[in-house]
Participant: 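Okay, handing you the structure first.
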Amino acid sequence: MAEPVLALRGVSKRYRIGTPAEVEVLKPTDLTLAVGDFVALIGPSGSGKSTLLNLIGLLDRPTRGTVRLDGRETGPLSDAELTRLRGQALGFVFQFHHLINAFSVAENVCLPLMARDKRLTRDALSRAEVLLDEVGLAGFGSRWPGELSGGQQQRVAVARALMADPMLVLADEPTGNLDTASADEIFDLMRRFNRERGTTFLIVTHSVELAERCDRHVYILDGQVSEPGPGKKSRV
Ligand code: ADP
Ligand code: MG
């Protein structure tokens, strides 16, 4: 069987909120994501969703437990090695698109490769044009982000997340700031990349309607992760 994209084993996160007070914002968690999974992460505000995504995204280290990405144990890696692995294996979409206004739309899409190659290549720019075409923004490459609608900006953010051909895309409330029609479009786009490329997605959403379009539902409440439900296949 193929190596899971992601395997968390006993992963927890504590924050020190005073001395000696500590709070465990993520309880010990096991979670496995297989290649091609399309998973909703659902939980109220403050339940630990972003904490979990930051650990999976190698932006933060767990207090306890192991994070394996593509079979590779990440605990022993240096910060520089984590950054490199993050750039190769992961893509990110946030609630706010975080496009850089001083860069053109195409240059924004190129950012993940610029971070890796330390320069903007002609190859990267032509790949960005292909991705922009795939997200319905053919010909928008030379525009500025500020000229685009909110939904279009988020489509640019999805193209950017796919630029380095990641195995796993982490989307933290990617449609939280959009009207229903734009949210639908963003969701459809992610679904299409999932089907066509086999990219795995973990998507934080508050929308029941959007969550229903995911294959798996992972819940989190007060830092406790569960994947329950009669008739739902649990792979935790
Ligand atoms: P969500 O994304 O589900 O809204 P978060 O993961 O952002 O939740 O936060 C979970 C809990 O952890 C919250 O109670 C939050 O206040 C707390 N928290 C998050 N980051 C820190 C931090 N750096 N220090 C202390 N507490 C934090
Ligand atoms: Mg959050």
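We count ligands from 1, going down the list as the structure has it; atoms in each ligand are counted the same way.
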Participant: Can you find a protein heavy atom under 4.0 Å from atom 15 (C) of ligand 1?
Facilitator: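 Not a single protein heavy atom is under 4.0 Å away.
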Participant: Looking only at protein heavy atoms, which one is nearest to atom 17 (C) of ligand 1, and what is the separation?
Facilitator: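 Among all protein heavy atoms, the one nearest atom 17 (C) of ligand 1 is Val25 CG1, 3.8 Å.
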Participant: Suppose I only count heavy atoms of Pro44 and a 4.0 Å limit; which atoms of ligand 1 are within that range?
Facilitator: 3 (O)
Participant: What side-chain hydrogen bond (donor to acceptor under 3.5 Å, both in side chains) pairs are there with at least one residue in residues 42-61, not counting sequence neighbours?
Facilitator: Lys13-Asp60, Ser50-Asp172, Arg61-Asp79
Participant: Of all the atoms in ligand 1, which lie at a distance below 4.0 Å from a heavy atom belonging to Ser45?
Facilitator: 4 (O)
Participant: Please determine if Arg197 forms a cation-pi arrangement with Phe193, meaning its NZ or CZ atom is less than 6.0 Å from the six-membered ring centre and no more than 45° off the ring axis.
Facilitator: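 Cation-pi check for Arg197 and Phe193: fails.
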Participant: Could you check whether Asp222 pairs with Lys27 (Lys NZ or Arg NE/NH1/NH2 to Asp/Glu carboxylate O, under 4.0 Å)?
Facilitator: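 A salt bridge is absent here (no side-chain N lies under 4.0 Å from a carboxylate O).
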Participant: Starting at OG1 of Thr29, measure out to CG of Leu52 and round the result to the nearest 0.5 Å.
Facilitator: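 Going from OG1 on Thr29 over to CG on Leu52, the span is 6.5 Å.
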Participant: Can the positive tip of Arg191 be found less than 6.0 Å from the middle of the six-membered ring of Phe38, inside 45° of the ring normal?
Facilitator: yes
Participant: Would you mind listing every ring pair (Phe, Tyr, Trp, His ring centres under 6.0 Å) that reaches into residues 98-139, with sequence neighbours excluded?
Facilitator: Phe94-His98
Participant: Between the candidates Ser50, Gly48, Gly46, Ser47, which shows the shortest non-hydrogen contact distance to atom 4 (O) of ligand 1?
Facilitator: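 It is Gly46 whose heavy atom sits nearest to atom 4 (O) of ligand 1.
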Participant: Answer with yes or no whether the hydrophobic clustering places Phe201 together with Leu53; edges join I, L, V, M, F, W, Y residues whose side-chain heavy atoms lie under 4.5 Å apart.
Facilitator: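 Shared cluster, no.
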Participant: May I ask you to say whether Arg143 pairs ionically with Glu147, meaning some side-chain N is under 4.0 Å from a carboxylate O?
Facilitator: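 No, this pair does not count.
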Participant: Answer yes if a protein heavy atom lies under 4.0 Å from atom 12 (O) of ligand 1, otherwise answer no.
Facilitator: yes
Participant: Note the single closest protein heavy atom to atom 23 (N) of ligand 1, along with its residue, its atom name and the distance in Å.
Facilitator: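 So the nearest neighbour among protein heavy atoms is Tyr15 CE2, 3.4 Å.
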Participant: Who passes side-chain contact (heavy atoms from CB on, under 4.5 Å) against Arg14, sequence neighbours left out?
Facilitator: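 Per chain and number, Arg14 pairs via side-chain contact (heavy atoms from CB on, under 4.5 Å) with Glu22, Glu24, Thr63.
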Participant: Around the Mg ion (ligand 2), list the protein N/O/S atoms within a radius below 2.8 Å, excluding water molecules.
Facilitator: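 Only Ser50 OG fall inside 2.8 Å of the Mg ion (ligand 2).
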Participant: Going by distance alone, is a donor N or O of one side chain under 3.5 Å from an acceptor N or O of the other, for Thr121 and Arg127?
Facilitator: no
Participant: To which protein heavy atom is atom 6 (O) of ligand 1 closest, and what is the distance rounded to 0.1 Å?
Facilitator: Thr51 OG1, 2.6 Å
